[in-house]
Each structure stands twice: as C-alpha cells, then as structure tokens.
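Whatever order the structure lists ligands and atoms in, that order sets their numbers, starting from 1.
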Amino acid sequence: MAETEIKKTISKTKEKEFNVKDLTICDATAQMLIKAKADGVETAFDRALDMKACPIGADSACCKHCAMGPCRLNSRDPYGKVGVCGATIDTIMARNFARMVAAGGAAHTDHGMAMLDLFRDVVSGKNKDYQIKDVRKLESVAQSIGIEIEGKTVSEIAMELYHELERTYTQVEGEIPFAKRVPPKTLETWRKLGIVPRGAMREIMEMMHRTHMGVDQHYENLTQQISRTALADGWGGSMVATEIADILFGTPTPVQVEVNMGVLKENLVNIIIHGHEPNLFESMLVSVNEPTLIAAAKAAGSDGINLVGMCCSGAEMMVRHGVPHAGNFMSTEAILVTGAVDAMCVDVQCIKQGLATVADCYKTKLITTNPRCHIEGATHVEFHENNPQACTDEVVIQAIARFKSRSMPIEIPQITNTGVHGFSHEYINYMLGGTFRGSYTPLNDNIINGRIRGVAGVVGCTNPRVKQDWVHVELVKELIKNDVLVLQTGCSQIALAKAGLLTPEAAYLAGPGLREVCETVGMPPVLGIGSCVDNSRILVAASEMVRTGGLGDSIADLPVAGAAPEWMSEKAICIGQYFVASGVFTVFGVTFPIIKDTKFYNLLFGGLEKQGLGKWGFTPDPYEMAKMMIDHIDSKRKALGIDKARERTLVDMADRRAMDAA
Ligand code: NFS
Ligand code: SF4
C-alpha cells in the first residue's frame with residue numbers, strides 16, 4: 001500500500017535538518033527516525049530541536065505560585081531581584097525543587113498504594129484473579145518489619161503485613177514501617193534532622209502546603225521537608241510497590257532476555273505494554289495465552305500473538321518473567337514507525353501524548369487503561385483489578401483487528417540483544433554467598449580487598465536533550481573499567497542491555513579485579529534489577545552491606561555512588577533526593593534545575609553531606625561523571641582505611657605486567 005497513506009505531521013516550514021547520529025546511539029531508533037522523516041512523521045526528537053528550553057525555567061528562577069506574579073528572576077544575577085512578595089531566589093528554587101519531589105514521590109507512592117490495594121483484595125479473597133506467588137518473600141518482608149510469623153497462616157501473615165504497610169501512606173504520626181530496615185546510624189541521623197517520614201500522604205500534603213505562597217520561606221527548612229518527602233518514596237511508596245509486586249508475582253532471579261526492536265515479529269500480532277503497573281501486564285500475559293484468542297489471531301492470518309514490554313513495567317516483566325523488551329523511553333514513538341505494532345497499551349507515567357499522533361499515522365491502536373490516564377485521541381478500555389481480563393482480552397481483540405487490516409509498509413529493525421537480567425537483592429545475596437550461606441559477606445570482602453572498588457547505581461530516563469543512551473553507556477563502561485560494580489534499573493538498564501553489557505561475557509570490559517569476581521561467579525559486570533521503583537532494591541542492598549560489616553556504620557560510609565545521566569522526570573528528582581538523603585553521592589546529567597553557587601545549591605551539593613547525609617553532583621559529561629563518582633568512592637575507601645588494599649592490588653598488577661614485558 002502506498003506510503004502516502006501515512007498522515008504527515010511535520011509541516012515543511014517546521015522541518016529541521018538533523019543527523020540521527022547526533023540524536024541517538026540506538027541503531028534501531030535511528031533507523032526509525034530516518035523512516036519517520038521520510039514518512040513526514042514527527043517525534044519528540046523533532047520537537048526537542050524545535051523547542052528551545054526556557055533558560056529561566058531551566059534554572060528554576062521563576063515562580064507562578066500566585067497571581068501577583070508570575071515572577072522571573074535573573075539567572076545571571078540571582079540576588080539582584082526578588083519576587084513581588086519578596087521571595088528570594090533560594091526560596092523560589094527550593095519551592096520549585098520541592099514540588100518536583102512531591103510530584104515524583106506522589107507518582108511512585110500512588111502506584112505503590114494501588115499495588116497495596118490489590119494485595120488487600122487478594123488476601124481478603126475479594127480478588128481471585130491474582131494470588132500470593134512468593135510466600136518466602138511474604139515471610140521475609142513481614143519479619144523485616146518485626147511481624148512474628150511463627151504459627152501463623154499465610155493469610156494471617158499477609159493481612160498483618162497489609163495493615164502494617166498501609167501506614168506507609170496513611171500514618172499521620174510516627175515512622176513509616178520500612179524505617180526498621182534503615183541502618184541504625186543512618187536512622188539516628190534522620191531522627192536528629194527530623195526527616196524520618198510519617199506517612200507519604202502526610203509528607204506530600206505538607207510539602208504542597210509549605211510551598212504555597214507565603215508559607216515556608218527558608219530554603220533550609222524547605223530542604224528538610226524535601227528530604228522527608230523523598231524518603232517517604234524511597235523507603236516507602238517505591239519499596240512497598242517492589243515488595244508487594246514480588247509477593248504477588250514472584251521475586252526476580254536471573255533470566256536470559258531479548259531486548260530491542262527486533263523483538264517485534266512481522267508474522268505475529270504485536271502488542272506493546274508501556275507503563276509502570278505490573279498488574280496490567282500480568283493480566284496481559286494471561287490474555288495472550290488464552291487459546292480462543294490465539295485461535296482468533298491465527299484466523300486473522302497471523303502465526304500467533306507477540307507480547308513485549310517498554311519502559312518500566314516492561315523492565316519489571318522482563319526481570320520477573322523474561323518477557324522481551326522493545327526499548328526505553330525515547331524509543332516509544334520511534335517503534336510505532338515500524339508499522340508493525342498492532343496495539344500499544346499504556347497505563348500511567350512517562351507516556352508521551354505525542355504517541356497518539358504517531359499511532360494515528362500508522363493506524364496502531366493506542367489504548368489507555370488507567371482511570372488516572374486518558375489521552376485525547378486514544379481508545380480508553382478501563383482496567384479493573386477485580387476483572388482484569390475484560391480489559392486485557394479486549395486489547396488483544398483490538399490488536400488482532402488491526403493486524404487483519406494492516407495496510408502500512410512494515411519495517412522492523414532486525415536488532416536484538418540478549419542479556420541476563422533480574423538481580424534482586426535476594427538473588428545477589430544467594431549468588432555471592434551460595435544457597436546455605438547466602439550473605440553479602442563475599443561482596444563486602446571483595447570491596448574490602450579492593451577487587452571491587454565500589455558499587456554504583458546507574459538509573460533513570462532517556463531525554464531528547466542529549467544523545468539517547470550515549471551518556472548511560474559511556475558512563476557505565478568507564479565505571480566497570482575502573483572496577484566499579486554497576487547496578488541498574490529502568491530506561492538506563494535497557495540502554496546498557498542494547499549496548500550488550502548485561503552479559504557475563506561483558507566482563508572483559510571490566511577492570512582486572514571486577515573481571516575476576518565476575519568470572520568466578522559467572523555474573524555480568526552490570527546487574528539489571530528492574531523498574532524505577534525497584535531502585536528500592538538498591539537501598540535494601542546498601543543496608544545489607546552496612547549490616548554485614550566492615551564498610552562503616554551508615555550508608556553514607558559506603559564506597560558507593562549513584563547517577564541518572566539522562567534524567568527527565570520529576571520522579572527522577574525524587575529518586576535522586578532519596579538517595580542523597582540516604583547518604584549516597586548522586587550525580588545527574590542533562591541539566592540541573594538550580595542556579596550554581598546560590599545558597600540552596602550549596603546546601604544540596606555539599607551542606608547535606610556535612611549533616612551526615614549524601615550530596616548532589618552535576619555534569620552532562622559521562623567521563624567527568626565517572627571521575628566524580630570514582631573519586632567519591634575512593635574518598636570513602638580512604639575514610640574506611642581500605643584504600644591501601646587496593647593500592648597493593650594495582651601495584652601487583654603493574655609488577656606482573658612489568659615482569660611479563662621483561
Ligand atoms: Ni523511571 Fe520508568 Fe524511564 Fe525515567 Fe520513565 S519509564 S519510572 S521515569 S523514563 S526511567
Ligand atoms: Fe511572585 Fe511571590 Fe507570587 Fe511567586 S509567590 S509568583 S515570587 S509574588
């Protein structure tokens with residue numbers, strides 16, 4: 001069928017010249033951007049070229065919290081002017097930052113609370129479509145917050161756990177349940193600073209109140225609530241989301257998976273699930289295996305149904321069930337350009353409204369499912385947890401109908417990358433310690449003896465303001481080359497999977513110490529953990545490292561660092577802040593929404609560390625970022641007195657090379 005059937009969305013005047021090599025290192029996405037251009041179809045890459053970022057907004061130097069404004073301050077002379085109400089640059093930036101944290105935290109905690117709602121209905125028997133799959137995990141989570149399990153039935157433990165965890169959200173006074181998992185010294189610091197979260201709803205509400213016109217106008221006091229709100233996400237909403245998903249759907253263990261656009265198949269009905277809620281995806285798995293629907297797909301002329309994921313729920317399904325993953329955030333429009341996607345089904349978060357237009361161009365069904373997220377132009381088929389298949393069967397039926405009437409030319413980039421994903425903190429424990437003596441001792445030992453220099457969490461989004469995947473990949477390569485073990489989640493994990501680094505064979509790219517550990521254990525130097533809410537697994541792993549001993553008393557003592565090199569969402573800011581408040585040096589790329597060398601900046605980038613927490617860092621350059629993280633890791637090693645061990649290892653290596661050469 002003629003390509004003229006494709007609706008053109010780029011007007012001739014708007015069309016800007018670009019070289020795809022400047023936009024992405026993902027070959028599949030590049031191929032589709034070229035096709036999109038030929039088809040006259042616009043994506044976020046085009047719009048980013050067309051939309052110059054507002055420099056005042058980029059620095060958070062504006063405020064529209066009341067109608068005496070909006071007020072714009074001068075980024076170049078931040079103290080030269082104040083808002084109409086008198087608000088200073090520090091107040092304005094801190095309030096804007098606070099609202100980003102509140103919004104990001106709200107996204108994670110609302111998602112976590114929805115998971116908990118489902119858990120309650122499963123336990124009470126109201127919901128019969130889902131079950132508790134991982135009883136061991138249920139018991140260990142219950143025990144971790146002091147619930148006695150001896151002599152109790154699974155459903156008694158589960159009900160008790162539900163009531164405990166509900167406090168994560170609704171509690172008005174006291175400490176959230178997972179505060180019990182925080183290393184004592186870290187918790188002591190939080191208590192001293194008054195930042196132990198009460199309940200997420202309370203913290204987010206108070207944050208919104210305090211950032212209203214004329215309330216909290218001291219950046220230091222605002223920062224305290226910023227930390228408390230962020231911690232209510234990391235050790236609260238996100239952690240509950242992860243733990244409940246494990247209990248209901250199973251705790252991830254390593255699984256070999258295919259990633260990239262080549263997972264689409266021309267002869268199959270292709271369905272993409274893009275979003276953040278595993279309950280929708282779990283039900284999709286049931287629907288695509290329904291014999292009547294498979295028969296219908298075949299009757300329509302296909303060889304069957306192909307279910308693949310994108311973004312974070314995709315990452316969760318990948319680590320839990322080995323479901324193929326088609327790409328990260330900046331590939332979601334591009335993949336529709338293949339013409340091969342019969343339905344893209346979305347729930348909440350990171351879903352570009354632009355998808356509706358691109359889907360329309362290629363006659364792909366774009367289906368929204370969550371009452372929280374409708375998109376103009378998309379079909380809404382609401383998902384109800386108590387009757388999930390009604391929605392997911394309908395998605396399959398619509399996809400089959402689209403397959404049957406396929407009229408577009410199809411072009412699927414023939415690229416797939418096989419890797420091993422699914423390293424939950426439980427599995428890291430088991431992998432390094434063995435079945436009978438599962439523990440973090442071998443990890444700590446290898447850090448102490450210097451084979452592993454430290455651990456880095458590299459996470460977060462992709463963003464059309466930078467070359468897609470490039471900062472992630474260069475940063476991670478640099479880190480492992482320097483013996484830093486890398487843990488990954490979200491879109492960053494997918495970037496590295498596409499670069500082929502989530503394989504045991506990639507150990508050859510690692511420094512000698514890390515390579516030795518990887519080869520002994522048979523693990524990749526880059527461990528894929530799951531979705532963005534699964535960053536909570538990194539917090540638990542860090543606590544385990546402290547508890548195991550030899551690496552200090554608090555998370556702030558550990559030789560670890562974090563990064564979100566291509567971040568874009570408010571969720572990423574909230575994650576960054578909860579890592580910082582937990583004691584981790586966290587570096588962001590792209591841009592940082594604060595003016596350098598202001599008082600608020602100095603607090604985030606240094607002052608918090610003096611209070612016993614972590615600190616922020618910023619650079620768009622991956623090599624500089626790696627250096628900052630490694631320097632930080634080395635300074636922590638020095639403080640722990642384990643820098644000497646590593647120096648010896650390196651001298652030994654150099655000696656050996658000198659001897660080899662002689
Ligand atoms: Ni995280 Fe997941 Fe991706 Fe960023 Fe969006 S999908 S929750 S926010 S873009 S990593
Ligand atoms: Fe301007 Fe103050 Fe109103 Fe903000 S709160 S818009 S700074 S007057």
Undergrad: For atom 4 (Fe) of ligand 1, what's the nearest protein heavy atom and its distance?
TA: Cys461 SG, 2.6 Å
Undergrad: What atoms of ligand 1 come within less than 4.0 Å of a heavy atom belonging to Cys312?
TA: 1 (Ni), 2 (Fe), 6 (S), 7 (S)
Undergrad: Got a salt bridge between Arg181 and Glu243, using NZ or NE/NH1/NH2 to carboxylate O under 4.0 Å?
TA: yes
Undergrad: Indicate whether the side chain of Ser531 and that of Glu316 have a donor and an acceptor atom separated by less than 3.5 Å.
TA: yes
Undergrad: Side-chain donor-acceptor pair under 3.5 Å between Thr29 and Ser331, yes or no?
TA: yes
Undergrad: So for atom NE2, which belongs to His374, do other residues, nucleotides or ligands contribute more than 12 heavy atoms lying within a distance under 6.0 Å?
TA: yes
Undergrad: Is it the case that the side chains of Thr24 and Gln468 hold a donor-acceptor pair, with the cut-off being a distance below 3.5 Å and no angle test?
TA: yes
Undergrad: Number the atoms of ligand 1 from 1 as they appear, then name those within less than 4.0 Å of a heavy atom of Cys350, with their elements.
TA: 5 (Fe), 6 (S), 8 (S), 9 (S)
Undergrad: Checking a contact table here: which protein heavy atom is nearest atom 8 (S) of ligand 2, and how many Å away?
TA: Cys85 N, 3.3 Å
Undergrad: Any chance the side chains of Arg465 and Asn463 put a donor and an acceptor closer than 3.5 Å?
TA: no
Undergrad: Show me which atoms of ligand 1 lie under 4.0 Å from any heavy atom of Cys491.
TA: 3 (Fe), 6 (S), 9 (S), 10 (S)
Undergrad: Just by distance, with hydrogens left out, do Asn260 and Asp27 show a side-chain donor and acceptor under 3.5 Å apart?
TA: no
Undergrad: In terms of side-chain heavy atoms, does Asp534 have a donor or acceptor partner in Thr242 at a distance below 3.5 Å?
TA: yes
Undergrad: Give the residue and atom name of whichever protein heavy atom lies nearest to atom 1 (Fe) of ligand 2, and the separation in Å to one decimal.
TA: Cys71 SG, 2.3 Å
Undergrad: Which ligand 1 atoms, with their elements, are less than 4.0 angstrom from a heavy-atom of Gly460?
TA: 10 (S)
Undergrad: May I ask you to list the atoms of ligand 2 that are less than 4.0 angstrom from any heavy atom of Met213?
TA: 5 (S)
Undergrad: Determine whether any heavy atom of Ala572 lies closer than 4.0 Å to an atom of ligand 1.
TA: no
Undergrad: Give the atom numbers and elements of ligand 1 that come within less than 4.0 Å of a heavy atom of Cys311.
TA: 6 (S)
Undergrad: With atoms numbered from 1 as shown, which atoms in ligand 2 lie under 4.0 angstrom from a non-hydrogen atom of Gly69?
TA: 6 (S)
Undergrad: How about CZ on Arg99, more than 12 heavy atoms from neighbouring residues, nucleotides or ligands closer than 6.0 Å, or not?
TA: yes
Undergrad: Using a 4.0 Å cut-off to any heavy atom of His276, which atoms of ligand 1 qualify?
TA: 2 (Fe), 6 (S), 7 (S)
Undergrad: Please state which protein non-hydrogen atom is closest to atom 1 (Ni) of ligand 1 and give its distance, to 0.1 Å?
TA: Cys532 SG, 2.2 Å
Undergrad: Atom 4 (Fe) of ligand 2: which protein heavy atom is closest, and how many Å away?
TA: Cys63 SG, 2.3 Å
Undergrad: Which of the atoms in ligand 1, numbered in the order shown and given with their element, are less than 4.0 Å from a heavy-atom of Met568?
TA: 9 (S)
Undergrad: Checking contacts here: is it the side chain or the backbone of Arg95 that comes within 4.0 Å of ligand 2, counting heavy atoms only? Could be both or neither.
TA: side chain
Undergrad: Name the closest protein heavy atom to atom 3 (Fe) of ligand 2, giving the residue it belongs to and the distance to 0.1 Å.
TA: Cys66 SG, 2.3 Å
Undergrad: More than 12 non-hydrogen atoms from neighbouring residues, nucleotides or ligands closer than 6.0 Å to NE2 on His380, yes or no?
TA: yes
Undergrad: Can His421 and Gln493 be counted as having a side-chain donor-acceptor contact under 3.5 angstrom?
TA: yes
Undergrad: Do any heavy atoms of His108 fall under 4.0 Å from ligand 1?
TA: no
